[in-house]
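Just follow the structure's listing: the first ligand is 1, and inside any ligand the first atom is 1.
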Amino acid sequence: MLTMNSFSFAGKKALVRVDLNVPQDANGKVTDDTRARAIVPTVNKILKDGGSAILMSHLGRPKGKVNPAMSLKPIAEHLSGLLGKPVLFAKDCIGPDARAKAALLKPGEVLVLENLRFHPEEEAGDEGFAKSLAYLGDVYVNDAFGTAHRAHASTTIVAKFFPNAKLFGYLMQAEIDSVGKVLGSPQRPMTAIVGGSKVSSKIEVLENLIGSCDELIIGGGMANTFVKAQGGQTGASLVEEDLLDTARGIIEKAKAKGVKLHIPTDAVVADAFAENANTDQCAADAVPDGWMALDIGPKSIEAFRTAILRSKTLLWNGPMGVFEMKPFQQGTVAIAQAVADATSKGAFSLVGGGDSVAAVNQFGLADKISYVSTGGGAMLEYLEGKVLPGIAAVRD
Ligand code: AMP
């Protein structure tokens with residue numbers, strides 16, 4: 001298997017799938033360039049070797065049609081600033097302009113192709129379209145973890161045209177290595193912290209993690225379903241009635257596998273789902289009628305923190321409460337802090353999945369975590385134990 005460090009890009013045109021799907025304001029200005037910054041090491045290595053880079057990405061959801069509001073041109077300009085050099089732009093990702101610009105590309109130069117999803121063939125995983133993309137480069141690099149769970153033309157199908165010249169970029173490799181440290185052969189004890197709104201979106205994650213972790217902490221809205229499944233009174237909390245049996249099954253499975261399961265014992269409750277609601281604290285299994293649990297309480301925080309601090313490996317996906325509203329933020333802040341503290345004591349920590357990543361960024365703790373994943377949906381599927389097609393296509 002080729003790696004970034006061992007491969008020389010000298011004289012090669014690298015076709016690189018990147019994730020330039022950055023958020024923009026109404027005027028197209030980039031509001032958060034985390035994803036663009038994340039690909040810079042890969043691009044720089046290619047250029048430093050004496051190669052050139054042809055970058056392809058999607059932006060937004062143009063649904064297979066050209067939509068000028070979703071052009072990658074302004075993002076290419078932003079990237080030019082990050083790389084500190086001019087960046088060429090092709091007005092389509094395939095066709096004469098892309099072919100001509102790719103053909104003329106010289107070592108040290110960067111070409112950004114227009115939004116892949118202007119063509120319906122991208123998301124359809126069309127082989128002919130993938131072949132047209134492949135025609136542009138000599139070697140394929142996949143550095144787009146965020147779309148690795150999609151078998152699209154540029155993320156997966158294109159790899160077959162580079163049987164002996166395909167590799168992961170630095171970002172992709174870092175994501176793969178981090179998950180490996182957690183799910184491969186983790187330092188024990190390994191504790192997984194899973195939160196977020198619903199059990200339904202995390203069933204497979206929970207099932208998969210029970211197979212590998214020593215302790216499992218459940219928080220967030222999904223914890224209510226577990227509390228109710230054990231006979232608790234959950235008031236007006238978010239509960240998935242149809243998943244009470246599933247929750248019981250997970251509790252049983254944890255018991256059978258010797259996994260220590262932590263479910264909140266107390267909660268911050270509110271009389272409305274609102275920032276200015278009346279709030280109180282109570283036992284997690286005694287939420288009064290009409291009240292809802294919107295955060296974990298102080299006793300749960302203490303118990304979860306103790307478990308986190310004795311762990312050598314930590315995985316965190318999903319907030320402990322409605323952290324977007326200040327009165328229900330404390331649980332998520334405390335867990336983020338505990339994960340950061342355990343990391344400073346030597347544990348390896350991976351935070352993955354949209355909202356927990358947003359939380360560690362919001363609380364200014366991202367640099368105290370061993371690895372903060374860049375892929376929401378992709379990370380979730382990875383944690384479910386699925387083989388991501390974008391990874392398999394390069395590896396196989
Ligand atoms: P997810 O996308 O499944 O990871 O869920 C994240 C969302 O769960 C966030 O927007 C939180 O506000 C929400 N959430 C967390 N705890 C609760 C709760 N106790 N009740 C309702 N929603 C919650």
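T279 OG1 to F328 CZ: the interatomic distance, rounded to the nearest 0.5 Å, is 6.0 Å. In this structure, CD on E381 lies 12.0 Å from CG on N208, to the nearest 0.5 angstrom.
For atom 3 (O) of ligand 1, the nearest non-hydrogen atom from the set S197, A293, G219 comes from S197.
Applying the side chain to side chain donor-acceptor pair (under 3.5 Å) test to D285 and every residue at least two apart in sequence or in another chain returns nothing.
Closest protein heavy atom to atom 4 (O) of ligand 1: K202 NZ, 3.1 Å.
In this pair, F162 and Y140 present their aromatic rings parallel. The plane angle is below 30°, not in the 30 to 60° band. Ring geometry, F363 versus F323: the interplanar angle exceeds 60°, so the pair is classed perpendicular (tilted spans 30 to 60°).
Counting heavy atoms under 4.0 Å from ligand 1, residue V322 touches it through both backbone and side chain. Residue M222 does not touch ligand 1, judged by heavy-atom distances below 4.0 Å. When heavy-atom distances to ligand 1 are checked against a 4.0 Å cut-off, M292 has no atom that comes that close, whether in backbone or side chain.
In summary, the atoms of ligand 1 found under 4.0 Å from a heavy atom of D355, numbered by their order in the structure, are 2 (O), 5 (O), 6 (C), 7 (C), 9 (C), 10 (O).
In terms of polar-atom proximity, G221 is counted as a contact of ligand 1, with an N or O under 3.5 Å from an N or O of the ligand. Looking at ligand 1, you'll find an N or O of E324 within less than 3.5 Å of one of its N or O atoms.
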>> Would D341 and K345 count as a salt bridge (Lys or Arg N to Asp or Glu O under 4.0 Å) here? Give the steps.
In response: CA-CA 6 Å; D341 291 346; K345 277 180 36 190; over 6 Å; no
